[in-house]
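Numbers for residues simply follow the sequence, beginning at 1. Nothing here was measured: the structure is a model prediction, and the numbers come from that model.
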Amino acid sequence: MATVELTAENFAEKIGGEGITLVDFWASWCGPCRMFAPVYERVSEDNPDIVFGKVDTEAEQTLAAEFNIRSIPTLMIVRDGVALYSEPGALPQQALESLIQQARDLDMDEVRAKVAEAQQKASDDGVVNA
């Protein structure tokens, strides 16, 4: 599957469902972003069951701000609507493939239980999630 352009209008729909979604926050003027793009595209072709999205941070400044993107490229991995990973930096192909395999191998019931536990603890401590 080729990469898809993610916008404020389609972002929630593309990342909110079941399955794995990778999101590349990038900009055309960013050298490391341009170096990472062919790796991202190749890996997307090898994983047709995964949605590979790209957010142009210049065109989608609201999305970039919502996810507190301070450095690009930033890669985010979401599985079943749960953000699992978000880190800046261009990755070599092997590292990207390894992250995808780690996301595939996760027990999402266990992840959701840990997220619920952390949210409950934050609530009990009086911390408000934004």
Side-chain angles (χ1 to χ4, degrees):
M1 166 185 255
T3 58
V4 295
E5 181 180 352
L6 297 176
T7 65
E9 290 75 34
N10 71 1
F11 192 85
E13 170 193 341
K14 295 291 184 185
I15 73 158
E18 289 192 18
I20 298 173
T21 304
L22 275 71
V23 181
D24 175 21
F25 290 89
W26 70 285
S28 61
W29 52 261
C30 167
C33 297
R34 290 193 310 270
M35 290 174 32
F36 181 58
V39 170
Y40 194 71
E41 189 68 34
R42 271 194 308 274
V43 174
S44 77
E45 292 167 2
D46 293 340
N47 294 277
D49 60 318
I50 295 176
V51 174
F52 283 76
K54 294 180 75 72
V55 174
D56 180 346
T57 58
E58 291 295 308
E60 298 295 334
Q61 293 180 13
T62 302
L63 271 179
E66 183 178 333
F67 289 95
N68 203 27
I69 302 302
R70 300 277 184 241
S71 181
I72 53 175
T74 290
L75 178 68
M76 184 169 72
I77 301 176
V78 178
R79 181 169 168 201
D80 300 342
V82 177
L84 302 174
Y85 176 90
S86 182
E87 290 290 328
L91 296 172
Q93 185 167 337
Q94 186 176 2
L96 181 56
E97 291 168 346
S98 175
L99 280 173
I100 290 169
Q101 190 58 52
Q102 290 174 55
R104 288 185 191 281
D105 292 345
L106 281 174
D107 178 339
M108 289 307 292
D109 289 333
E110 185 177 314
V111 170
R112 281 187 284 277
K114 287 182 180 179
V115 168
E117 181 180 308
Q119 289 174 335
Q120 183 61 49
K121 181 174 180 351
S123 175
D124 292 347
D125 291 344
V127 175
V128 177
N129 289 336

Hey, mind stepping through Leu75 and Leu91 against side chain to side chain contact (heavy atoms under 4.5 Å, CB included) and telling me if it holds?
-> CA-CA 9 Å; Leu75 178 68; Leu91 296 172; 3.7 Å; yes
Verdict with reasoning, Met108 to Leu84, per side chain to side chain contact (heavy atoms under 4.5 Å, CB included) = CA-CA 10 Å; Met108 289 307 292; Leu84 302 174; 4.3 Å; yes
Does any non-hydrogen side-chain atom of [Y] lie less than 4.5 Å from one of [X]?
X	Y	result
Leu22	Ile100	yes
Gln102	Tyr85	no
Leu63	Glu66	yes
Val39	Arg42	yes
Ser28	Asp56	no
Glu87	Leu99	no
Phe11	Thr21	no

Parallel, tilted or perpendicular: ring planes of Phe52 versus Tyr40, cut at 30 and 60 degrees | perpendicular
Could Glu117 and Lys121 be called an ion pair, given the rule that one side-chain N must be under 4.0 Å from one carboxylate O?
-> no
Glu60 side chain vs Thr57 backbone, donor-acceptor pair below 3.5 Å = no
Examine distances only and state if a side-chain atom of Asp80 and a backbone atom of Gly19 form a donor-acceptor pair shorter than 3.5 Å.
-> yes
State, to 0.1 Å, how close [X] and [Y] come at their nearest heavy-atom pair, and which atoms those are.
X	Y	answer
Leu6	Val55	CB-CG2, 3.7 Å
Ile72	Ala27	CD1-CB, 3.5 Å
Pro32	Ala90	O-CB, 3.9 Å

Inspect the surroundings of CD in Glu5 and state if more than 12 heavy atoms from other residues, nucleotides or ligands are less than 6.0 Å away.
-> no
CD/Gln101: more than 12 non-hydrogen atoms of other groups inside 6.0 Å = yes
Determine, step by step, whether Lys114 and Val111 satisfy the side chain to side chain contact (heavy atoms under 4.5 Å, CB included) criterion, reporting the C-alpha distance in whole Å, the side-chain angles of both residues, the deciding distance to 0.1 Å, and the verdict.
-> CA-CA 5 Å; Lys114 287 182 180 179; Val111 170; 5.8 Å; no
Among the clusters formed by ILVMFWY side chains lying less than 4.5 Å apart, do Met76 and Trp26 turn up in the same one?
-> no
Do Met35 and Phe25 sit in the same hydrophobic cluster, where Ile, Leu, Val, Met, Phe, Trp and Tyr count as joined when their side-chain heavy atoms come under 4.5 Å apart?
-> no
Test Arg104 against Asn47 for side chain to side chain contact (heavy atoms under 4.5 Å, CB included), laying out the working first.
-> CA-CA 11 Å; Arg104 288 185 191 281; Asn47 294 277; 2.9 Å; yes
